[in-house]
Amino acid sequence: MDTKRLDLNLLVTLETLLAEQNVTKAAARLHLSQPAVSAQLSRLREVFEDPLLIPVQRGMTPTAKALELLEPLRQALDHVRATVAVHRNFDPANAKLTLAIACTDYLQAAVIQPLIVHLRTNAPGVRVSMLNLDLAVLDAQMARGDVDLALMTPEAAPPNLRTRHLFDERYVLIGRRNHPRLRDGISVEEFAQLEHVVVSLRGGDFVTPVDNVLLALGYRRNVMVSAASFLFVPEMVSRSDFVALVPERLVRDRASKLRVVTCPFPVEGFAVGMVWHERSHGHIGQRWIRESIVSLLDV
């Protein structure tokens, strides 16, 4: 059989003809003219090298070949229809999907963790793979489909990727709940005298841009620990007299262990957004997940 001569429309016509066993009724059901359906039946007869439907006194009767084709043809077309329906009408409760998300550890805790909790209740068949964000290869990862979504500063994204702003983050000063020297309205001088934990994503740095701001004000802070991850900081601070500047969303749910106060001088925050490739823009499941992230952040 020359399958190049087949197309989906021909198979749909054959299915309808076998169901109706009448060209006029099949044409009405397909919203086509009777000559158009007759022409398609001629093409089908050539492809299958069989009459398929034989005229009788009332309508038409299928040949033995047509009866053999009927059930597998119906199953195949039903599978195609179901596939199209799934991608047109996403059903979170029954969906099977794996999503690869790249972001920093802070955003894994602040955004992805609540998303995963949400998915377990609303879309239990959706799996999430979390990867460390690597800006140098992000564009290539997304082009290959290795990363579906990235959370990052939108301005740093490769220009050919789609972006959506999520929120603006600010830094807050944290210490243990009963820290003897941490209070609202703390002065810059008092801030500098505290024992600080800083985060160096490269690892090992004891000076950050915050220290440049402090130096311009005439102060140097007492940095005791340089951590490579924000996730390490709140727990360490809650068990000591250390303090730290951290993104506010990281500690929103830790009021029982931490005192959170405003930094006594302006510290530049940062924007957080979603970044994704054009190849996944129209995927209804991924679009649902992106919207879920937005709705969770608005809660």
Side-chain angles (χ1 to χ4, degrees), residues 1-101 116 118-129 142-149 162 276-292:
M1 182 186 296
D2 184 5
T3 56
K4 294 180 181 178
R5 299 166 62 191
L6 271 176
D7 62 38
L8 188 60
N9 289 330
L10 275 180
L11 295 178
V12 171
T13 297
L14 178 57
E15 178 193 37
T16 307
L17 281 166
L18 293 176
E20 296 292 346
Q21 298 184 13
N22 184 289
V23 172
T24 302
K25 291 181 179 179
R29 182 167 156 184
L30 292 167
H31 303 289
L32 297 172
S33 66
Q34 183 173 331
V37 173
S38 295
Q40 289 187 358
L41 177 56
S42 296
R43 289 177 59 192
L44 285 162
R45 285 168 169 165
E46 292 177 7
V47 169
F48 287 100
E49 298 178 349
D50 187 88
L52 297 175
L53 288 154
I54 301 172
V56 292
Q57 187 174 1
R58 294 185 178 181
M60 308 181 85
T61 187
T63 64
K65 167 74 77 174
L67 291 174
E68 288 178 359
L69 289 171
L70 180 58
E71 190 55 33
L73 176 64
R74 182 172 291 153
Q75 290 179 4
L77 289 175
D78 284 347
H79 183 71
V80 171
R81 294 184 188 107
T83 301
V84 172
V86 164
H87 289 281
R88 181 178 297 166
N89 304 301
F90 184 70
D91 178 12
N94 297 300
K96 301 295 181 184
L97 178 66
T98 299
L99 193 78
I101 303 177
I116 292 173
H118 172 76
L119 292 176
R120 294 310 304 151
T121 302
N122 297 279
V126 175
R127 303 188 303 173
V128 176
S129 170
M142 287 195 159
R144 292 194 305 265
D146 295 339
V147 172
D148 299 303
L149 185 66
R162 286 183 172 264
W276 65 97
H277 196 276
E278 189 67 34
R279 68 192 301 277
S280 60
H281 179 65
H283 190 285
I284 192 168
Q286 293 196 31
R287 186 166 67 239
W288 180 85
I289 290 174
R290 293 195 297 268
E291 293 302 324
S292 294

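Remember, it's a predicted structure, so these values are computed and weren't measured experimentally. We use all heavy atoms of the structure for the numbers below, so side chains are in, but hydrogens, waters and symmetry mates are not.
Going from atom CH2 of W288 over to atom CG of D91 covers 10.0 Å, rounded to the nearest 0.5 Å. One distance of note links OG1 of T61 with CG of L18; it measures 10.5 Å at 0.5 Å rounding. Atoms CG and CG, on L44 and L11 in that order, are 7.0 Å from each other to the nearest 0.5 Å. With values rounded to the nearest 0.5 angstrom, E20 atom CD is found 6.5 Å from K25 atom NZ. Atom CD in Q75 sits 10.0 Å away from atom CG in L70 (nearest 0.5 Å). Interatomic distance, L17 CG to L53 CG, rounded to the nearest 0.5 Å: 5.5 Å.
Listed for the S280 side chain is no donor-acceptor partner under 3.5 Å among the backbone atoms of H283. Of the possible polar contacts, none joining the R162 side chain to the E278 backbone as a donor-acceptor pair under 3.5 Å is found.
The closest side-chain heavy-atom distance from L69 to L52 is below 4.5 Å. L97 is listed as a side-chain neighbour of I289, based on a closest heavy-atom distance under 4.5 Å. Looking only at side-chain heavy atoms (C-beta outward), R290 and W276 come within less than 4.5 Å of each other. You'll find the side chain of Q40 reaches within 4.5 Å of the side chain of L32, heavy atoms only. The shortest distance between side-chain heavy atoms of L41 and M60 falls below 4.5 Å. Side-chain contact between L77 and L8 is present, with at least one heavy-atom pair separated by less than 4.5 Å.
When all heavy atoms are compared, the tightest approach of R45 to P51 is NE-O, 2.6 Å. In plain terms, the two heavy atoms of P62 and L67 that are nearest each other are CG-CD2, 3.7 Å. Considering all non-hydrogen atoms of both residues, R29 and A19 come closest at NH1-CB, 3.7 Å. Nearest heavy-atom pair, A143 versus R279, reported as atom, atom and distance to 0.1 Å: O-NE, 3.4 Å. Contact between A100 and D146 at its shortest, heavy atoms only, is CB-O, 3.3 Å.
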Step-by-step side chain to side chain contact (heavy atoms under 4.5 Å, CB included) determination, I101 to D148: CA-CA 6 Å; I101 303 177; D148 299 303; over 6 Å; no
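In the displayed structure, E71 atom CD is contacted under 6.0 Å by more than 12 heavy atoms of other residues, nucleotides or ligands.
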